[in-house]
Amino acid sequence: MRKKHVRNLTAGCAAFMAATFVFSAGFSKTAFADEADKTTLVYGSTDYTRINPAMDEHCEINVLLFDGLTDHDGDNQIIPRLAKSWEYDEENLTYTFHLEEGVKWHDGEPFTAEDVKFTFEAIMDPANESENAPDYEDIESIEVIDEHTVAFHLSNVNTAFLEYMTKPVMPKHLLEGEDWQTSDFFRAPVGTGPYKFVSWDAGQTITMEKNEEYFAGAANIDTIVFKIVTDDNAKAMQLLSGELDLAQITPKEESLFADNDEFKVYDMTTSDYRGILYNFNNEYWQENADLIPAINYAIDRQAILDAVLLDKGEVAYGPLQRNKYNNENVEHYDYNLEKSAEIFEAAGCTQDADGYWCRNGERISFTINATPGDQVRIDMAQIAAQQLREAGLDVKADVPAGGIDWAGQECCIIGWGSPFDADDHTYKVFGTDKGANYSGYSNALVDEYLTQARQTEDENERKEAYAKFQEVLAETPAYTFFCYIDALYAAENTIQGIDEDTVLGHHGVGIFWNICDWTIENQ
């Protein structure tokens with residue numbers, strides 16, 4: 001049984017980029033089923049600019065093409081994958097991995113320990129600008145002992161280290177000397193995973209066929225097509241018309257499938273939260289960060305959950321609510337306009353004749369951006385802006401046609417979250433100058449507690465450190481948290497094997513973790 005994890009949209013899996021891989025003028029499901037006994041799954045996917053799991057995160061396609069040294073099972077626990085076993089020398093802070101033998105890249109070349117060393121050194125190289133680099137900053141050196149044995153020597157304890165060994169390994173023989181941001185490899189990737197890349201019709205489809213020689217056992221479904229459908233409503237319509245077999249849908253579209261015998265809707269729990277990210281590199285928030293708690297109290301999270309998600313989720317107050325280290329005793333910022341007003345007044349703000357809060361003679365005014373094509377984020381931005389205007393803030397919502405300008409914006413609707421170790425999507429998201437800290441947030445105590453939690457293997461010490469981290473983050477917020485969102489997938493009822501109990505990650509990624517066990521009946 002294959003059990004596979006996909007990590008938690010970044011620059012690598014977002015907007016359309018013109019690519020040179022055009023293999024067909026149109027798309028037809030039947031075109032991929034030349035033989036009566038062949039099965040094809042057509043998945044409604046977001047668009048891709050590249051397939052680069054070393055540099056990017058949370059792209060659903062990675063799980064099909066690549067493997068890591070370790071993996072996750074359906075309970076999100078660490079299991080072996082390319083590494084069949086490992087030892088940890090606690091005294092010397094060294095992990096030694098023993099690799100599966102006989103594994104081949106999709107082009108037939110052997111997978112070896114050199115590929116492992118090459119991959120992680122590339123991620124760690126500042127010149128490659130990987131947002132994943134903070135996961136590996138405790139690696140002092142990587143030693144190839146022999147063709148099937150590799151050792152990682154650490155400078156500090158990193159309790160989440162095996163978690164980060166799930167990162168897909170890349171082929172040295174194809175990427176050595178290549179630019180890790182722009183190489184053509186990332187538009188025609190070669191991995192070790194259960195599916196092989198076949199073709200990429202830019203903006204239309206990415207086609208893969210099963211790897212008959214997959215070392216963990218060949219998959220059941222012969223062909224998987226990622227059909228690019230960026231509009232949520234279009235996904236629903238194409239499911240109903242039979243152009244798609246599986247796609248993530250929004251809560252507002254669930255009713256289209258709930259009473260349709262041809263489909264099953266999977267309502268899956270995620271660790272995926274939404275909220276407002278403030279750009280602390282912007283002068284406005286450098287001057288007004290102390291007002292964010294007041295803004296937090298002015299947001300009616302339950303109203304957003306009800307209106308946008310139709311209660312398919314949970315009100316959010318922090319980044320670890322779906323983790324065993326969650327501290328539920330931190331300030332939740334429940335909707336309270338009186339407390340909001342008290343904070344504004346304590347900061348010296350006054351209300352003008354129209355009821356808007358002002359500071360130094362100017363209204364508290366900013367714009368919340370939302371990602372084009374993501375209707376959930378757009379709706380959240382619009383409702384939050386309306387709520388804040390009703391609370392006396394001059395706030396607008398906008399959907400920039402060119403996408404999010406991370407450096408220039410004031411704030412935007414953010415999404416993060418991980419169902420795995422608590423270090424994942426905290427250390428590199430909230431730590432000062434870390435790779436995924438797109439807000440520019442910096443707090444010395446947050447840095448201290450996140451480092452403490454990473455560098456201890458004592459459960460009680462980790463729990464205490466994460467509790468303190470959450471307390472400080474609540475006192476000096478980086479975000480205004482809204483809610484955790486359920487992932488709703490509509491699938492043709494002929495598809496068997498989807499594990500609806502697995503907690504999914506950011507963007508609902510992770511449904512393909514056991515893809516080799518899936519079958520399609522009566523196709």
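Everything quoted here is computed from the prediction, not taken from an experiment.
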Does either side chain, that of K210 or that of N220, offer a donor lying less than 3.5 Å from an acceptor on the other one? no
Electrostatic pair K252:D232 at N-O distance under 4.0 angstrom: no
Do E500 and K264 pass the salt bridge (Lys or Arg N to Asp or Glu O under 4.0 Å) test, and can you show the C-alpha distance, the side-chain angles, and the key distance before you say yes or no? CA-CA 11 Å; E500 56 191 310; K264 179 173 180 179; 3.1 Å; yes
With a 4.0 Å cut-off, would you call E448 and K468 a salt bridge? no
Hits for side chain to side chain contact (heavy atoms under 4.5 Å, CB included) against D423, two or more places apart or cross-chain, chain-then-number order -> A160, Y164, D421, Y427, R454, R462, Y466
Listed partners of Y335 passing ring pair (Phe, Tyr, Trp, His ring centres under 6.0 Å), at least two apart: none
Would you give the length of the straight line joining atom CZ of F481 to atom CG of N296, rounded to the nearest 0.5 angstrom? 9.0 Å
Please name all residues satisfying side-chain hydrogen bond (donor to acceptor under 3.5 Å, both in side chains) with E410, sequence neighbours left out, ordered by chain then number. none
Check the pair K324, E459 against salt bridge (Lys or Arg N to Asp or Glu O under 4.0 Å), reporting the backbone distance first and the verdict last. CA-CA 11 Å; K324 66 180 181 179; E459 280 290 296; 3.3 Å; yes
Side chains of T480 and Y278: donor-acceptor distance under 3.5 Å anywhere? yes
Modelled atom types, side-chain donor and acceptor of T476 and N443, under 3.5 Å: yes
Counting only heavy atoms not in E390, do more than 12 fall under 6.0 Å of its CD? yes
Check the surroundings of atom NZ in K396: do more than 12 heavy atoms from other residues, nucleotides or ligands lie under 6.0 Å from it? yes
Can you tell which of Y441, F430, W416 makes a ring-ring contact (aromatic ring centres under 6.0 Å, His included) with Y479? F430
Going by the rule ring pair (Phe, Tyr, Trp, His ring centres under 6.0 Å), which residues pair with F120 if we only count those two or more places apart in sequence or in a different chain? Y136, F152
Under the rule for side-chain hydrogen bond (donor to acceptor under 3.5 Å, both in side chains), what residues qualify as partners of N326, not counting sequence neighbours? Y317
Examine the side chains of Y266 and Q248 and answer whether a donor and an acceptor come within less than 3.5 Å of each other. no
Mind checking what makes ring pair (Phe, Tyr, Trp, His ring centres under 6.0 Å) contact with Y43, not counting sequence neighbours? F226, F512
Quick check: are there more than 12 heavy atoms from other residues, nucleotides or ligands sitting under 6.0 Å from CD of E262? no
Taking 4.0 angstrom as the limit, do E314 and R322 come out as a salt bridge? yes
How many angstroms lie between atom OH of Y48 and atom OG1 of T46, to the nearest 0.5 angstrom? 5.0 Å
Measure up the H72 and F420 rings against each other and bin them: parallel (under 30°), tilted (30 to 60°), perpendicular (over 60°). parallel
